[in-house]
Amino acid sequence: MSRKALYGKAALRRSAERGAVVKEPGGRTGICLVYPNTYSIGMSSLGFLGVHSMLNRRSDVYCERAFLPDPGDVDEHVRTRTPVFSIETGRPLRDFDILAFSVSFENDFPNVLRVLELSNIPVRSAERDHRHPLVVMGGVCAFSNPEPLADFVDIVFVGEAEGMLDEFVDQFASARGRDEALGLASSIDGVYVPSLYEVDYAADGTIKGRGASGGAPLMIGRRHVSDISACPATQLITTPEAEFSSMRLVEVQRGCPWSCRFCLAGRVFNPPRKKPLDALVSEISAIAVDPEAGKIGLVGPSLGDYPNLSEALEMEGVDFTITSLRASRASAELVREMGGRRSVSIAPEAGSQRLREHINKKVRREDILEAAGMMLEGGLERLRLYFMVGLPTETDEDIDAIVELVSDVRGLPGRGKISLTLSAFVPKPFTDFEREQMASSRILKSRLRRVREGVRRLRGVSMSHDPVREALMQGVFAMGDRRVGRVLELFSSPGGYAWAVREAGIDPAFYIHRSKAEDEILPWDFIQC
């Protein structure tokens with residue numbers, strides 16, 4: 001593939017999109033919103049698309065999008081010396097004023113550096129100057145634990161972007177030079193400038209303390225918006241390559257009232273907030289007037305708990321879809337009201353009632369079976385069940401309980417297929433389990449194998465899971481400190497993660513295979529979440 005072919009592929013993608021806006025620079029601040037994964041994944045993110053539309057609502061900003069090149073295209077970017085460029089105009093990333101990375105998954109951390117490398121931009125913030133764009137970071141990972149990326153990003157938005165983006169852009173536009181822009185940014189509540197902080201380590205490798213310079217605050221408070229209907233996360237662009245290609249996504253609620261002990265999103269997005277029904281209906285109506293809008297995908301945790309959602313679902317001429325629901329009668333009734341769905345997901349998380357209670361997953365076995373039964377009897381084509389292995393206090397009996405529960409669901413009336421997805425438990429910041437250790441590779445593989453052997457005899461049941469090595473890598477990035485950044489720098493080498501860890505002198509067990517004492521300073525303790 002030539003350089004011309006790389007630009008041609010982007011042009012084809014752009015021509016297949018609906019709703020994209022291209023603005024002339026005309027003295028505006030140029031921001032490239034970058035998703036550190038492939039185009040199809042990034043274009044399935046409502047948060048990413050919402051920030052893009054939010055920035056382009058400003059008359060003094062032009063915001064374009066860029067992504068990590070597809071796996072088969074990375075080598076061609078290197079071979080042809082083609083820098084990463086924006087989808088809208090093909091402008092190289094180094095020509096923008098600001099690169100804003102939206103990071104939702106820890107395993108995308110290395111991709112942030114890869115995009116910078118491919119763009120001929122120094123990866124370390126200390127090596128960039130006035131000739132380079134300011135590199136900022138937002139997304140869930142930015143307000144859980146951004147420390148592995150601390151040496152590479154200039155600014156981190158700790159919290160929901162709606163609460164501070166406008167203030168930041170105003171400050172940036174008024175700044176005279178890079179240093180002043182960083183100083184002004186550090187004065188904004190919720191904005192973290194990593195270069196203004198130093199971390200001291202004790203002899204045993206734990207964090208001894210943190211210091212701040214330049215008047216930067218020692219603690220960074222997470223920003224959140226009280227009214228999510230005031231500046232809705234709007235998906236203006238659709239593409240056939242996205243996972244939800246045939247629908248427009250609408251956020252119904254944010255935060256979760258159930259507080260499962262393992263769940264990061266339930267902590268960093270709380271307190272729970274719901275859009276008022278009239279605001280939700282108004283937003284849906286504005287989308288539905290487009291004759292090519294397609295389905296409306298409702299997004300939010302525990303949608304079955306949203307009051308009077310059935311009133312919105314009764315809107316004429318609107319085809320709704322919900323992909324993930326809490327295991328409850330209310331959720332099953334929602335599916336029935338929508339006339340049956342092809343696929344719905346519920347997440348029991350653990351097989352035994354004992355373990356569900358330990359992780360504060362407030363669903364009973366009867367709830368799961370009742371909800372699954374109502375959905376399958378209603379003609380559901382596929383029911384997806386999500387479980388975790390390696391949870392704290394887990395035993396072989398808990399693993400066998402997964403098989404038993406899946407078997408009982410399979411025995412319910414209904415012809416729909418059952419898709420079983422398992423993931424390894426990864427401790428996350430700000431959760432009740434942030435000081436817990438992660439199960440070893442041997443234990444995780446053994447328990448996945450035990451479930452696979454147990455469900456193999458069940459007809460109409462399939463099972464999948466991510467590789468254990470990716471879960472262990474995620475754990476190191478999720479729980480890591482600034483020293484893990486060296487692993488990210490070496491990650492793109494032919495040796496990959498295992499070689500990078502050895503070369504960086506990092507012991508993964510220090511981060512994920514030991515319990516942390518209650519008085520140990522954790523890398524993210526400076527964030528007030």
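Heads up: numbering here begins at 1 and tracks the sequence. Below, each value reflects all heavy atoms present in this structure, side chains not excepted, and no hydrogens, waters or symmetry copies. Note that the structure is predicted; figures quoted are calculated from it, not measured.
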* Structure fact -> In terms of heavy-atom contacts, Leu218 and Arg210 come closest through CD2-O, 3.9 Å

* **Side chain proximity check, Val112 to Val115, heavy atoms < 4.5 angstrom** => no

* Salt bridge between Glu162 and Arg254, side-chain N to carboxylate O under 4.0 Å? -> yes

* **Residues Glu489, Arg124; criterion salt bridge (charged side-chain N to carboxylate O under 4.0 Å, His left out); working and verdict** => CA-CA 9 Å; Glu489 273 190 298; Arg124 286 188 168 264; 2.8 Å; yes

* **Shortest non-hydrogen contact between Lys275 and Glu283, atoms and distance** => NZ-OE1, 2.5 Å

* Say whether, by atom type as modelled, one donor and one acceptor occur between the side chain of Ser213 and the main chain of Leu196 under 3.5 angstrom. => yes

* To do: Could you grab the distance from atom CG of Asp108 to atom CD of Gln474, nearest 0.5 Å is fine?
  => 10.0 Å

* For the residue pair Ile121 and Val123, establish whether any side-chain heavy-atom pair is separated by less than 4.5 Å. => no

* **Gly42 to Phe48 - nearest heavy-atom pair and separation** => O-CD2, 3.5 Å

* Structure fact -> Given the options Arg58, Arg57, Arg223, Asp166 meets salt bridge (Lys or Arg N to Asp or Glu O under 4.0 Å) only with Arg58

* Check against side chain to side chain contact (heavy atoms under 4.5 Å, CB included), Arg267 and Asp432 -> CA-CA 10 Å; Arg267 301 305 171 90; Asp432 289 355; 3.2 Å; yes

* Asked: How about Val451 and Phe387: do any of their side-chain heavy atoms sit closer than 4.5 Å?
  -> no

* Asked: Is a side-chain N or O of Arg273 found less than 3.5 angstrom from the main chain of Ser226, in a donor-acceptor match?
  -> no

* To do: Give the ring-plane orientation class for Phe526 versus Tyr192, where under 30° counts as parallel, over 60° as perpendicular and anything between as tilted.
  => tilted

* If only atom types and distance count, is the side chain of Asp70 paired as donor or acceptor with the main-chain N or O of Gly72 below 3.5 Å? -> no

* Asked: Between the side chain of Asn270 and the main-chain N/O of Gly266, is any donor-acceptor distance below 3.5 Å?
  -> yes

* Just wondering, do Asp481 and Pro148 contact through their side chains at under 4.5 Å, heavy atoms? -> no

* Asked: So, Glu76 and Arg79, do they make that salt bridge, N to O below 4.0 Å?
  -> yes

* Is there a donor-acceptor contact under 3.5 Å from the side chain of His465 to the main chain of Ser423? -> no

* Structure fact -> Value for CD1 (Ile87) from OH (Tyr39), rounded to nearest 0.5 Å, stands at 6.0 Å

* Asked: Quick one: does Ile41's side chain get under 4.5 Å of Glu243's, heavy atoms only?
  -> no

* To do: Examine distances only and state if a side-chain atom of Asp154 and a backbone atom of Val135 form a donor-acceptor pair shorter than 3.5 Å.
  => yes

* Supply the atom-to-atom distance Lys23 NZ to Glu88 CD, rounded to the nearest 0.5 angstrom. => 11.5 Å

* Which atoms form the tightest heavy-atom contact between His224 and Pro271, and what is the distance? -> NE2-CD, 3.9 Å

* Pair Phe143 + Phe269: ring centers closer than 6.0 Å -> yes

* **Carboxylate-amine/guanidinium contact Glu251 Lys274, below 4.0 Å** => no

* **salt_bridge(Arg514, Glu520) N-O dist < 4.0 Å** => yes

* Asked: Phe425 and Phe262: ring pair (Phe, Tyr, Trp, His ring centres under 6.0 Å), yes or no, with the steps?
  -> CA-CA 8 Å; Phe425 163 73; Phe262 60 86; 7.6 Å; no

* Say whether Asn56 and Ser53, considering side chains only, have a donor N or O and an acceptor N or O under 3.5 Å apart. => no

* Asked: Does Met164 reach the side chain of Val191, with side-chain heavy atoms less than 4.5 Å apart?
  -> yes

* Asked: Rounded to the nearest 0.5 Å, how far does OG of Ser515 lie from CZ of Phe433?
  -> 11.5 Å

* Asked: Think Arg91 forms a cation-pi with Phe96, using NZ or CZ under 6.0 Å from the six-ring centre and within 45 degrees of its axis?
  -> yes

* Calculate, to the nearest 0.5 Å, the distance between atoms NE2 and CG belonging to His132 and Asn120 respectively. => 9.0 Å

* Find the distance between CD1 (Ile31) and CG (Leu55) and round it off to the nearest 0.5 Å. => 4.5 Å

* To do: Verify the distance criterion only: is there a donor paired with an acceptor across the side chains of Trp258 and Asn360 at less than 3.5 Å?
  => no

* **Pairing of Lys208 and Asp200 as salt bridge, 4.0 angstrom limit** => no

* Asked: Looking just at side-chain N and O atoms, do Arg442 and Ser440 make a donor-acceptor pair shorter than 3.5 Å?
  -> no

* Which pair of heavy atoms, one from Ala478 and one from Trp524, lies closest together, and at what distance? -> O-CZ3, 4.1 Å

* Asked: Could Glu394 and Arg447 be called an ion pair, given the rule that one side-chain N must be under 4.0 Å from one carboxylate O?
  -> yes

* To do: For the residue pair Tyr497 and Phe477, categorise the inter-ring angle as parallel (less than 30°), tilted (30 to 60°) or perpendicular (more than 60°).
  => perpendicular

* Structure fact -> Here the pair of heavy atoms bringing Leu33 nearest to Cys63 is CB-SG, 4.0 Å

